[in-house]
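Throughout, a chain's letter reflects where its sequence line sits, starting with A, and its residues are numbered from 1.
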Amino acid sequence: MSERVDNEKAAQILEEIADMLEIQGESVFKVNAYRRAAENIRSLGRDLSSMVQDGSIFAVEGIGKAIGEKITELVTKGRLEYYEKLSQEVPRSLLEILEIPDMGPKRVKAVWEKLKVTTIEELEEAAKSGRLAELPGFGPKSVARILAGIEERKRALETHRIPLVSAWILAEMVKEGLLGLPGLRIEVGGSFRRKKETVGDLDFLVSSHDPEAAVERFCSLPMVQKVLLRGSKKASVLFKGSIQGDLRVIERSRWGTALQYFTGSKEHNVQMRELALKKGFSLSEYSFKAVDGGDEILCAEEEEVYAFLGLPWILPELREGRRAVDEALKGNLPNVVNEEDLKGDPHVHTLWSDGFSSIEEMVLSAKEKGLRWIAITDHSAALAVAGGLDTARLRSQMVEIDDVNRKQTSVRVLKGVEAEILADGTVDVPGDLVDELDIVIGSLHLSMRQSREEITRRYLKAIRHPRVHIIAHPTGRLLGQRQGMDADWEVIFEEASRTGTILEINANPYRLDLPDYLAALANEKGCLFSIGSDAHRTSQMELLHFGVSVARRAWINKDRIVNTWELDKLLDWAKSKHDRL
DNA sequence: GCCGTTTTCGGCCCGACTGTTTTCAGTCG
Ligand SMILES: Nc1nc2c(ncn2[C@H]2C[C@H](O)[C@@H](COP(=O)(O)OP(=O)(O)OP(=O)(O)O)O2)c(=O)[nH]1
Ligand SMILES: [Mg+2]
Ligand SMILES: [Mg+2]
Ligand SMILES: [Zn+2]
């Protein structure tokens with residue numbers, strides 16, 4: 001019996017194949033082809049199995065005949081002979097050694113062949129016994145670095161990616177610590193600037209009149225646990241908490257090319273550099289250099305880099321993979337949403353259920369943010385654990401909302417509910433009051449461990465409900481804590497699109513749900529979106545921008561996001577749902 | 001292994017830092 005191979009699993013297998021091939025000494029281009037295919041599969045919203053069925057898998061960038069056939073075998077049979085054969089040849093534990101800093105494929109191959117080392121424990125033993133230092137290319141210093149890497153790995157248990165919001169706090173501390181450098185310009189690049197939901201490290205780009213001092217200050221920041229590497233132009237450190245920090249120092253006149261480089265993604269950089277080569281220039285973080293040895297062109301701002309290649313400036317959130325340059329050349333970049341475009345927040349909790357702020361406090365917070373309306377959407381009765389409101393309490397809440405709306409008019413308060421989608425797909429909408437509700441959110445907190453088929457059926461039923469306007473946090477994932485539910489998202493999104501049921505991008509930074517890659521699929525299916533703070537206290541309304549980032553990363557045009565609509569349009573849209581069924 | 005408004009074969013981004021090396025390979029960003 002074999003398990004269903006989902007996209008993530010398939011991507012992992014392709015990455016393992018890449019690692020194993022690389023250890024065997026295969027061509028880096030072949031190895032990169034597997035890595036690129038894996039990366040592209042991760043960004044697919046559609047299930048591989050359905051793409052194998054209709055053959056569209058072969059149309060995915062970076063997937064040709066060989067890899068396409070392997071994926072086909074993998075998802076139809078649940079196993080892949082080529083992978084199993086490779087796994088026989090290359091011990092799996094060698095792939096763990098690859099995770100030790102400074103242990104790349106060449107060195108892993110060397111210790112395996114010459115010292116018969118296949119595990120981290122054996123590597124540690126070989127290092128301590130002095131055998132490792134005798135290998136060509138190794139010496140006392142590299143052995144010490146490797147041992148330190150092994151120790152750090154034991155200490156940190158898991159070197160994992162951290163949520164964007166946690167990185168934010170650390171980044172602010174680092175920036176503060178560098179204040180006062182002469183002529184300082186600083187920006188966080190990498191996945192942080194691209195607003196990826198998690199970041200693997202923090203990448204700081206700095207220019208200063210005193211570059212040496214910049215490196216020095218960075219390496220001696222109080223939150224630095226260890227300096228991993230330090231030169232005149234860059235440094236890498238391990239912050240306390242085992243998150244890595246990379247610093248790159250650059251002349252102000254080269255800021256544009258440097259920021260473009262350090263923002264990535266790697267694939268985007270490669271594509272930019274390939275495009276430059278086609279135009280006869282070699283692009284690096286320093287400049288464009290004419291390949292024929294002619295002039296060097298410096299770019300002080302990022303816009304100039306893109307302009308030089310005939311491209312509009314590309315938003316960092318769009319710079320994943322190789323899509324952005326292709327679409328930019330065709331003039332197909334999305335008209336993305338900005339936080340200022342949001343006129344309201346359609347998902348807010350209060351003291352009435354499991355929130356910690358009153359309706360009035362939430363209104364005040366919304367007003368400060370410049371919002372013109374919010375929807376109070378406390379939980380429905382079925383979610384008793386979260387203090388769900390029965391009909392009587394909901395009626396009382398409505399009285400309070402009317403009252404708040406009378407007292408002030410700057411923020412219009414909508415009457416809503418976050419209604420539980422029950423195990424059989426019926427929605428816990430309070431029948432008596434349904435005509436008085438402006439907005440009904442349907443969401444699922446109970447029986448989340450049902451099968452893929454059952455979850456899909458539940459959502460389809462909820463989407464077909466004439467009163468359910470928004471489906472909130474569809475996958476139910478909690479970053480770093482809980483995997484999202486499995487469901488046939490393609491079918492769900494098609495039905496949401498057909499019925500005009502709005503899909504939420506939950507802006508809570510531990511949810512970000514829909515996640516970017518699924519929101520992108522829903523966008524292709526023509527769905528509408530709402531960005532909801534799901535605030536349970538006033539301060540959480542400040543988190544809306546995380547949802548904005550997800551929407552941008554999903555290439556959604558702002559007119560598909562209902563927060564940007566005039567309120568009347570949204571209310572009309574909600575009222576007319578039965579016409580679209 | 002993938003890919004192609006100059007290609008179906010011959011390319012595939014470019015540079016910093018480290019340690020070990022007598023001139024550069026390996027790793028990483
Ligand atoms: N041209 C080029 N640029 C690279 C390469 N590797 C990394 N970069 C650039 C682009 C990356 O966004 C940036 C920072 O590298 P990181 O390894 O920190 O990656 P990134 O921040 O994108 O993702 P992360 O969340 O840290 O794993 O450096 C490369 O091989 N070539
Ligand atoms: Mg990074
Ligand atoms: Mg980095
Ligand atoms: Zn909620």
Looking only at atom [atom1], what distance separates [N] and [M], rounded to whole Å?
N	M	atom1	value
dT21(B)	dT27(B)	P	15 Å
dT8(B)	dC2(B)	C1'	12 Å
dA25(B)	dT20(B)	C1'	9 Å
dG15(B)	dG10(B)	P	26 Å
dC9(B)	dT18(B)	C1'	38 Å
dC28(B)	dC13(B)	C1'	14 Å

Roughly how many Å is it from [atom1] in [X] to [atom2] in [N], rounded to a whole number?
X	N	atom1	atom2	result
Ile100(A)	dT27(B)	CD1	C1'	14 Å
Glu26(A)	dG1(B)	CD	C1'	9 Å
Phe192(A)	dG29(B)	CZ	P	18 Å
Glu99(A)	dC28(B)	CD	C1'	15 Å
Glu69(A)	dC2(B)	CD	C1'	14 Å
Leu147(A)	dG19(B)	CG	P	14 Å
Phe138(A)	dA25(B)	CZ	P	16 Å
Arg35(A)	dG1(B)	CZ	P	15 Å

Is it the case that [X] places NZ or CZ above or below the six-membered ring of [Y], under 6.0 angstrom from the centre and within 45 degrees of the axis?
X	Y	answer
Arg248(A)	Phe204(A)	no
Arg46(A)	Trp489(A)	no
Lys70(A)	Tyr82(A)	yes

Which sits closer to the 5' end of DNA chain B, Leu229(A) or Gln244(A), going by the nucleotide each is nearest to?
Leu229(A)
Using the salt bridge (Lys or Arg N to Asp or Glu O under 4.0 Å) rule, pick out the option among Lys106(A), Lys30(A), Arg35(A) that qualifies with Glu22(A).
Arg35(A)
Describe the nucleic acid contact of [X] in one word from base, sugar-phosphate, nothing, applying a heavy-atom distance below 4.0 Å.
X	answer
Ser236(A)	nothing
Asp203(A)	sugar-phosphate
Gln271(A)	nothing

The complete set of side chain to side chain donor-acceptor pair (under 3.5 Å) pairs with one or both residues in residues 167-182 of chain A, sequence neighbours excluded, reads none
Expected label for dT21(B) (glycosidic angle, syn inside 90° of 0, else anti) would be anti
Contacts to DNA chain B from residues 104-126 of chain A, heavy-atom cutoff under 4.0 Å, which residues?
Gly104(A), Pro105(A), Lys106(A), Arg107(A)
Salt bridge flag under 4.0 Å for residues [X] and [Y]:
X	Y	answer
Arg322(A)	Glu274(A)	yes
Arg273(A)	Glu267(A)	no
Glu81(A)	Lys85(A)	no
Lys266(A)	Glu39(A)	no
Arg161(A)	Glu197(A)	no
Asp513(A)	Arg477(A)	no

Which letter, B, S or -, goes with each nucleotide of nucleotides 10-15 of chain B from 5' to 3', with contact meaning a protein heavy atom under 4.0 Å?
--BBBS
Give none if dC9(B) has no partner; otherwise give the nucleotide forming a Watson-Crick or G-U wobble pair with it, both distances under 3.5 Å.
dG4(B)
Candidate nucleotides dC2(B), dG19(B), dG29(B), ranked by approach to the side chain of Ile67(A) - the nearest:
dC2(B)
